[in-house]
*Asks:* 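Sharing a structure below in structure tokens format, with a few things to ask.
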Amino acid sequence: MTRYNPKVTERKWQDYWQKQDCFAADATSDRPKYYVLEMFPYPSGRVHMGHVRNYTMGDVIARYKRAKGFNVLHPMGWDAFGMPAENAAMERGVHPGSWTRQNIATMRDQLKSLGLAIDWSREFATCDPSYYAHEQALFLAFLDEGLVERKESFVNWDPVDMTVLANEQVIDGKGWRSDAPVERRKLSQWFLKITDFAEDLLDGLETLDRWPDKVRTMQANWIGRSEGARVQFDIEGTDQAIEVYTTRPDTLFGASFCAIAADHPLASQVAGSNPDAAAFIADVQRSGTTEEEIETAEKRGFDTGLKVVHPLDDGWTLPVYIANFVLMDYGTGAIFGCPAHDERDLEFARKYGLPVQAVVIPDGESADSFAVDDVAYTGDGILGNSRFLDGLNVEDAKARVIDELEMADKGTRQVNYRLRDWGVSRQRYWGCPIPVIHCEDCGTVPVPVDQLPVELPDDVTFDKPGNPLDHHPTWKHVDCPSCGKPAIRETDTFDTFMDSSWYFARFCGLNPDAPLDTEAVNHWMPVDQYIGGVEHAILHLLYSRFFTRALERCGLVGMKEPFEGLFTQGMVNHETYQGPDGAWLAPEDIARTGGMITTHDGADVTVGRSVKMSKSKKNTVDPTDIIDSYGADTARWYMLSDSPPERDLDWSESGIDGAWRHTQRVWRLISEALDSLPEAGSDMPSQMGDAAIALRRSMHKAIQGVTDGIENFRFNTAVAQLYELTNAIAGAKGAGPDDAWAKREALETLVRLSEPMLPHLAEEAWALLGHETPLFETAWLDADPSLATDDTVTIAVQINGKLRATIDMARGADKADIEAAAFEQDKVKQATEGKDIRKVIVVPDRIVNIVV
RNA sequence: GCGGACGUGGUGAAAUUGGUAAACACAAGGGACUUAAAAUCCCUCGCCCGUUAGGGCUUGCGGGUUCAAGUCCCGCCGUCCGCACCA
């Protein structure tokens, strides 16, 4: 008997799948379509175990759905633009393009060695001009549709690297690479108007019933819808007014001040004639934007000396402050403060000695005596000290006061969103160029579609800080497409989230002439099952939902939601290690001697907590060693067993030997039994003994269990079911022809059910069992419900809730029979002798509880 | 601060959704086979008392509902995640 040799067999089947284009998807098939997609990888260097987990899960679904009769689309590509390529260029002098392509080549080979059922003919990288040309075309289409805007906004500016940083790249107020304090700078940027779809993006969440609640909640919070009012406070002695947004218009008679953001136009106006105000504003703008600073920052204000008139009382004026806690980019950038019912306003009012008048009176308190001390009252109650609102509850008061404001022409009902437009400009080289040209005479001119793509130049240098496109001697100098005069090309590139916001649609058909093959998109989309990390719960998934809506508005696709089903798989974590100089160390760089962890040179190592595998922290584990020693099937099986797919997982190799033993055992069971089995396709013997029937029951239970497990993303329990079936086959008794027949049936079932997880071994075993049609073209199995459950059940017998005996009964036995059988038990007789039976509960097929 | 998830043996976990807690696997220990090793096979394996028999306890802690709670409710403790001056 030969051992199963994965090295040879896996290569053989991978070649076969590739040569025959086995997994190429064809939109003309008459089978129902199924689009399964895993979030495409960033080509960072090499594949790690997190990738293996992600792509194996998708592959299980793809292979399973194919066997269930679906026409499956399962593509792969590369999210290939981004910062790490530029960092590599700066650190090692390699060109970002060649670094990226080298990584893609490596990772493609690694993924192929996993035996994934992927349609590689659709592969692309987002850094291919043949991809980003179309992204530029989409941008122009969005521009035509009014979905793009150019406006000034504040950004995090790194003065050393001379680039905009995303919020995530600012650590403790400093640039993550340069360590220089980040400045706030106002820049002209391109924005995509995602806020146009705020309501629709929120409503759409309701329809996504195959998304995790967690992700839907996160998106809903991010969109942040609130209902309130816009209220106008006229500035005394001028014809100007301050517009504020509030969700608590009911507390309007508890107002004691107005406050505006430091960036508010009125603040600049005040600063123009008041140096102290200017100094205060400058100070506020300088102070940090990090979470920690915001949390601990004291509420500070500057009294402008201006007074505003209460919108519902001409004789009532309120002071106007510039305040550090008011944000320009939410609402109107101005608020009215009601200290009694808002924690922040209260802190501010106490500091500046402003009145605190309670107007919402909690149950059981009186309007005359209720006072707020050091905690604002934010609960429900009845309005008091509020003139015509007195006696109303909060909800009614809101409605009534808005009516009054509208009548007085001082305010209106307003829905507000936290969501802000998406700034897509980045001062980087390795991204998709924004296809516009700036002309002194014509302004901003889009590059005509027939002149696309605007290609990145190859001859760039990274020797000085800033954007290499901007330093390039010639690239940005072009003639204006409109008037022909010398003009300047836009040197910003797109946020790389643009690239990943439509790639799933491009996979449907690689139309050379247009961004999308609309017919193909409408055939394959939406993605039936999308799989990826929860870290993209907001950004990528929200942007993609927005993009799909934008594409629909442009008439390019026929749906609004790109992903019908979403599964967020857990991360694969690993400890992190740092040497004495703080540099990250890879797991292979450390040595364990006794309980001590050091470098191989004996230097101290600081062991950090276990976090997601990532190249920047060097805590990755490369699957190549595992695949080389155990094979891809074992690696796949191991990643799927034991842990529920949505849960994070600390990487450990303990257990991988068990996975290896399993693959060998399956092979051994088949090859040892082979000579004694009937021919493939033999008729079932007319007489089946008990042992054969028992094996058939195990088999049908496994079909049911594995099917349920895969359908419900519980691959770990599907694996356990396959272990049980394997144990049942190995332990099967009986040597008659019926037993041999049942054994073949069970072995074939084991192989068929294992194929999504162990595709190479399964194909080889299938052939060994005498089949000529490859397994991946063979249908899935249906469980026979009458065999998937035993015809006898073990019923627990409890006395006062404690287990005292078990009885075996025919399934479906009626209550009276079960009760009678329970009372036959010696234990029951002893326990009930001479006692009153107070109650007997019988749940058929499950339990008897006797209460004495 | 707000919102959410989670907490079960030495370990990863399972539990038909209120009905025999610990399936399946890893690790560990014992045994068989072998000159030996590997591989394989068999046994033990939540904790405590007890030689077997048997008994008691057990799902982070404390209450509650119920004939019955890992599962439902209330209150703590702990871990993790998301958001965070959002008016």
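Atom set for the values below is all heavy atoms of this structure, side chains included, hydrogens, waters and symmetry mates excluded. Proteins get letters first, then strands, A, B, ... in listed order; numbering begins at 1 in each. Since we're looking at a predicted model, the values are computed, not measured.
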*Asks:* Given A25(B), U20(B), A87(B), which nucleotide is nearest the side-chain atoms of Gln798(A)?
*Replies:*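 Looking only at side-chain atoms, Gln798(A) lies closest to U20(B).
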*Asks:* With respect to the side chain of Arg344(A), which nucleotide from A23(B), A14(B), C85(B) is positioned closest?
*Replies:*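 The closest nucleotide is C85(B).
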*Asks:* A39(B) phosphate, OP1 or OP2: any side-chain N/O from Arg665(A) under 4.0 angstrom?
*Replies:*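 Checking Arg665(A) against A39(B): no side-chain N or O falls below 4.0 Å of OP1 or OP2.
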*Asks:* Counting only non-hydrogen atoms, which of residues 706-719 of chain A are less than 4.0 Å from RNA chain B?
*Replies:*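 Those residues are Arg714(A), Asn716(A), Thr717(A).
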*Asks:* Is Lys701(A) salt-bridged to Glu724(A), going by a charged N under 4.0 Å from an acidic O?
*Replies:*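 No, this pair does not count.
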*Asks:* Considering only the C1' atoms, how many Å lie between G70(B) and G60(B), rounded to the nearest integer?
*Replies:*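 Looking at atom C1' only, G70(B) and G60(B) are 12 Å apart.
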*Asks:* Atom CG of Asp650(A) to atom C1' of U79(B): distance rounded to whole Å?
*Replies:*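 So the CG-C1' distance, Asp650(A) to U79(B), works out to 13 Å.
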*Asks:* Over all strands shown, is Lys612(A) touching base, sugar-phosphate only, or nothing at heavy-atom distances under 4.0 angstrom?
*Replies:*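 No contact.
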*Asks:* Which nucleotide wins on minimum distance to the side chain of Lys827(A), given the candidates G54(B), A23(B), A14(B)?
*Replies:*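 Nearest listed nucleotide: G54(B).
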*Asks:* Ion pair present between Glu227(A) and Arg413(A), side-chain N to carboxylate O less than 4.0 angstrom?
*Replies:*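 Salt bridge flag = no for Arg413(A) with Glu227(A).
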*Asks:* Looking for any heavy atom pair under 4.0 Å, which part of the strands does Val843(A) touch: base, sugar-phosphate only, or nothing?
*Replies:*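 Val843(A): base contact, heavy atoms under 4.0 Å.
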*Asks:* Given the P atoms of U71(B) and U16(B), what is the spacing between them in whole Å?
*Replies:*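 Per the computed distance, 13 Å lies between those P atoms.
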*Asks:* Pick base, sugar-phosphate or nothing for Gly224(A), based on heavy-atom distances below 4.0 Å to the nucleic acid.
*Replies:*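 Result for Gly224(A) = nothing.
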*Asks:* Measuring to OP1 and OP2 of G4(B), would you say a side-chain N or O of Asn221(A) lies under 4.0 angstrom away?
*Replies:*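 Indeed not, no polar side-chain atom of Asn221(A) lies that close.
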*Asks:* So, OP1 or OP2 of G56(B): does either fall under 4.0 Å of a side-chain N or O from Lys802(A)?
*Replies:*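 It does not, given that no N or O in the side chain of Lys802(A) lies less than 4.0 Å from OP1 or OP2 of G56(B).
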*Asks:* Look at all strands and tell whether Arg804(A) reaches a base, only sugar-phosphate, or nothing, counting heavy atoms closer than 4.0 Å.
*Replies:*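 Contact class for Arg804(A): sugar-phosphate only.
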*Asks:* Sort out the partner of G1(B) for me: Watson-Crick or G-U wobble, both distances under 3.5 Å, none otherwise.
*Replies:*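 Pair assignment: G1(B) / C83(B).
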*Asks:* What is the distance, rounded to the nearest whole Å, between atom NE2 of His662(A) and atom P of G12(B)?
*Replies:*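 Roughly 22 Å, once rounded to whole Å.
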*Asks:* Determine the interatomic distance between C1' on C61(B) and the same-named atom on G55(B); round to the nearest Å.
*Replies:*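 After rounding to an integer number of Å, I get 27 Å for this pair.
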*Asks:* Whom does U44(B) pair with, Watson-Crick or G-U wobble, provided both distances fall under 3.5 Å?
*Replies:*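 For U44(B), the partner nucleotide comes out as A28(B), under the 3.5 Å rule.
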